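First comes the structure, then the notes that go with it.
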Amino acid sequence: MRKGNRPNEMFLTRALEKILSDKEIKKAHHSQLKKACEVALDQLKKESSVQSEDQSSSALPTPKQAGFVEADKYFLPFELACQSKCFRIVNVALDCLQKLIAYGHLTGNAVDTTSPGKRLIDRIVETICGCFHGPQTDEGVQLQIIKALLTVVTSNTVEIHEGTVLQTVRTCYNIYLASKNLVNQTTAKATLTQMLNVIFSRMELQAAQDLKQRDRSSSKLSKKSDESEDVPENQMNGDVEQTDGQTDSNQNNGHTTADEAIDGEETTEVVVNGVIEDLIDQVCTALNKLDDEPEGLENAESPDMAQGVFSHILQKDAFLVFRSLCKLSMKPLADGPPDPKSHELRSKILSLQLLLSILQNAGPVFKTNEMFINAIKQYLCVALSKNGVSSVPDVFELSLAIFLTLLSNFKQHLKMQIEVFFKEIFLYILETPSSSFEHKWMVIQVLTRICADAQCVVDIYLNYDCDLALANIFERLVNDLSKLAQGRHALALGATPNQERSMRIKGLECLVSIMKCLVEWSKDLYVNPHSQSNLGQENKPSTETDSDSGKGTMTSYGSVNSLSSNNSSQLTSSQPLDNPEQFETLKQQKEIWEHGIELFNKKPKKGIAYLQEQGLLGNTPDDLAEWFHSDDRMDTAVVGDFLGENE
């Protein structure tokens, strides 16, 4: 390479020359690759010569003349190199592509001439991902793939969306599962976490920028309106200058990637040349055997794609990734004792870990957008119901951690789901003698945190125990903790005497925490001990409307003495004042209903008569039919017998 050539051209040239110097290039099946490299080299030399002449005749060189290379047109030789079977050539090609993307020389924004409707960047990503062929893939190539894909996702000069985003995540996911090399596993997992952080943080950043722009536009319009009001009447009848209103440019709601464009103001910067690059030389000889069909995320458009509104394509990208991880976490494990090294178990644990990371770092869009709330209900809660009863401690522990995060950040949307988790998982495990000590201990650790949150304790009582149609979660929790503290529930399979003692102490600590919470929560609200109506008059219960019925919306009753929950500050105060007498009445009615149902399950006619005497149940057949239809607390066999014996 002669002197005077631009550094980036020299780098591009060196990569092509290195491919041509490999001994494998002489083989007949590489003839197309060889020719493509030679053509690209000739073109680079001609372009360099022409631009050198232009530079010498120009007093002020343009930025591109100062060192920019439009590398998109040189992609073909690297595409063919990635498709070769020689790992040395593939390594060189991937390394070059990664650097070209990192420095903004390869953007892929042009239309892909081989696939109408797609952009070149989609083909570039597909080429990079195609270098992974399962466990037989060279470990150095695996690391180069990871590094290149991380660069694509984090680059501010490259745009990928929908199916291409899923493909990058899927490939790193599969490399994690395929490799027995700890370095490759660790790098792939760290890369996945970093990718998800970028995908979701960009979504939040874009929404914040949109909101700022709308506020700015609204302010300008308001200012113009104020100015027009100050104009004298005789001027108002004159010519009025018409201005075009500013509108949001959220173009890409649900369109194909060929039509997409996102704001160029993303500020997420991720270092890609650090530890990952230093790890490339570390390889092992043995690799795990993958299943014939690799694990992965589903396509961008699947039959059950929820139809909803995304204000920007970045929201759809995040939604697709979240939904795919939920579905991966639902996949069943093989029968028999779980193998920690098995493909299925490692996939389940990884997907749950990534989901936990997303929830813990969730921003305003994820916490409030209807599509994400529905995805949590439809996919994540189903996944938790399956994994929350897992016999594998790691899976069970991750499920509990995810539940805690949901309780902290999303409880106002998940009233019915939280009831199920308490009834069918937490309390059931505590009450079942056959539960292992390890599972009981993890549950009591979670309950310790819940019972230390004053807001959460009060919300559980008011939203469940004071709801006529729902279970008495607070009452059942206190009863179970009392039995645990007395040693009745402390017995567990495989527990030593010391472990049972620790369990009893934990149960007692939880009860003490609940009492402290109630004292702290009501301290500033309790004004006059002789006037119960003073309780709660300073605070409105707050809730956030939901697409569910009333049962699906959990109300949060705010207090300045909430020990650790900041959730109430995120809710909208929209309900009437907290009325203790109202809840006392509801609780009394609920006790009457429960007693009547208990009587009905023993003697139907007696139970019905009792509820009618109390004025809670009507006398017409329609009233009875409505009750039978809407209340699931009655014994269905008793209902059937009653209907069969009576007109």
Side-chain angles (χ1 to χ4, degrees), residues 385 388-389 415-435 443 447 457 459-491 507 511 514 548-555 579-647:
S385 67
V389 293
K415 184 173 181 178
M416 304 303 292
Q417 292 81 0
I418 290 171
E419 181 197 25
V420 172
F421 292 144
F422 269 106
K423 283 167 51 180
E424 308 299 335
I425 298 177
F426 294 149
L427 302 180
Y428 177 80
I429 288 175
L430 283 185
E431 295 165 357
T432 305
S434 59
S435 300
V443 167
L447 292 177
V457 169
D459 287 346
I460 288 173
Y461 176 76
L462 295 179
N463 282 277
Y464 298 104
D465 293 58
C466 294
D467 190 309
L468 297 178
L470 300 181
N472 295 318
I473 300 297
F474 182 81
E475 179 183 338
R476 189 171 159 189
L477 172 62
V478 171
N479 285 338
D480 286 346
L481 290 173
S482 300
K483 292 176 182 178
L484 197 68
Q486 296 171 35
R488 293 159 63 186
H489 278 346
L491 298 175
L511 288 172
I514 290 175
D548 275 353
S549 63
K551 292 181 181 179
T553 303
M554 187 168 179
T555 307
N579 187 345
E581 290 86 351
Q582 177 189 359
F583 289 111
E584 186 176 5
T585 301
L586 282 172
K587 185 61 178 171
Q588 289 172 353
Q589 287 183 355
K590 188 173 184 179
E591 289 172 354
I592 295 172
W593 269 111
E594 289 171 342
H595 181 60
I597 291 171
E598 185 181 357
L599 289 175
F600 177 88
N601 289 334
K602 295 176 181 177
K603 293 184 178 181
K605 291 183 179 180
K606 189 174 181 180
I608 291 173
Y610 172 78
L611 290 172
Q612 289 174 339
E613 288 171 5
Q614 297 295 326
L616 297 179
L617 183 63
N619 297 315
T620 68
D622 287 344
D623 293 330
L624 286 179
E626 174 63 25
W627 180 44
F628 291 157
H629 177 71
S630 61
D631 200 322
D632 60 359
R633 291 172 291 180
M634 290 171 290
D635 189 326
T636 54
V638 175
V639 173
D641 292 341
F642 176 79
L643 292 175
E645 294 172 1
N646 296 274
E647 294 182 4

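The structure displayed is predicted, hence computed values, not measured ones.
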Does some side-chain heavy atom of [Y] sit less than 4.5 Å from a side-chain heavy atom of [X]?
{"X": "Leu462", "Y": "Phe474", "result": "no"}
{"X": "Tyr464", "Y": "Lys415", "result": "yes"}
{"X": "Ile597", "Y": "Asn601", "result": "yes"}

Check: Asp480 side chain, Glu431 main-chain N or O, donor-acceptor pair, under 3.5 Å: no
What are the two closest non-hydrogen atoms of Ser385 and Val389, and how far apart are they?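 Shortest heavy-atom contact: O-CG2, 3.8 Å.
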Do you know the tightest heavy-atom contact between Ala485 and Gly507?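 Scanning both residues, the minimum pair turns out to be CB-C, 4.2 Å.
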Who pairs with Thr636 by side-chain hydrogen bond (donor to acceptor under 3.5 Å, both in side chains), at least two apart in sequence or on another chain? none
Using the side-chain contact (heavy atoms from CB on, under 4.5 Å) criterion, which residues pair with [X]? Sequence neighbours excluded.
{"X": "Glu598", "answer": "His595, Lys602"}
{"X": "Lys423", "answer": "Glu419, Ala471, Ile473, Arg476"}
{"X": "Glu594", "answer": "Asn472, Lys590, Arg633"}
{"X": "Ala625", "answer": "none"}

Where do Ile514 and Leu481 land on the side chain to side chain contact (heavy atoms under 4.5 Å, CB included) test, with the steps shown first? CA-CA 11 Å; Ile514 290 175; Leu481 290 173; 3.9 Å; yes
Rounded to the nearest 0.5 Å, what's the gap from [atom1] on [X] to [atom2] on [Y]? Could you check?
{"X": "Cys466", "Y": "Ile460", "atom1": "SG", "atom2": "CD1", "result": "12.5 Å"}
{"X": "Leu447", "Y": "Leu477", "atom1": "CG", "atom2": "CG", "result": "6.0 Å"}
{"X": "Leu599", "Y": "Lys605", "atom1": "CG", "atom2": "NZ", "result": "15.5 Å"}
{"X": "Asn479", "Y": "Leu484", "atom1": "CG", "atom2": "CG", "result": "12.5 Å"}

Sequence neighbours excluded, which residues qualify as ring-ring contact (aromatic ring centres under 6.0 Å, His included) partners of Phe426?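 Only Phe403, Phe422 meet the ring-ring contact (aromatic ring centres under 6.0 Å, His included) criterion with Phe426.
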Contacts of type ring-ring contact (aromatic ring centres under 6.0 Å, His included), residue Phe628, not counting sequence neighbours: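 Here the qualifying residues are Phe600, Phe642.
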Please lay out, stage by stage, how Leu430 and Ser435 fare under the test side chain to side chain contact (heavy atoms under 4.5 Å, CB included). CA-CA 7 Å; Leu430 283 185; Ser435 300; over 6 Å; no
Donor-acceptor pairs under 3.5 angstrom involving side-chain atoms of residues 614-621: please list them, not counting sequence neighbours.
from, atom 1, to, atom 2, distance (Å)
Asn619, OD1, Gln612, NE2, 3.4
Thr620, OG1, Asp623, N, 3.2
Thr620, OG1, Asp623, OD2, 2.9

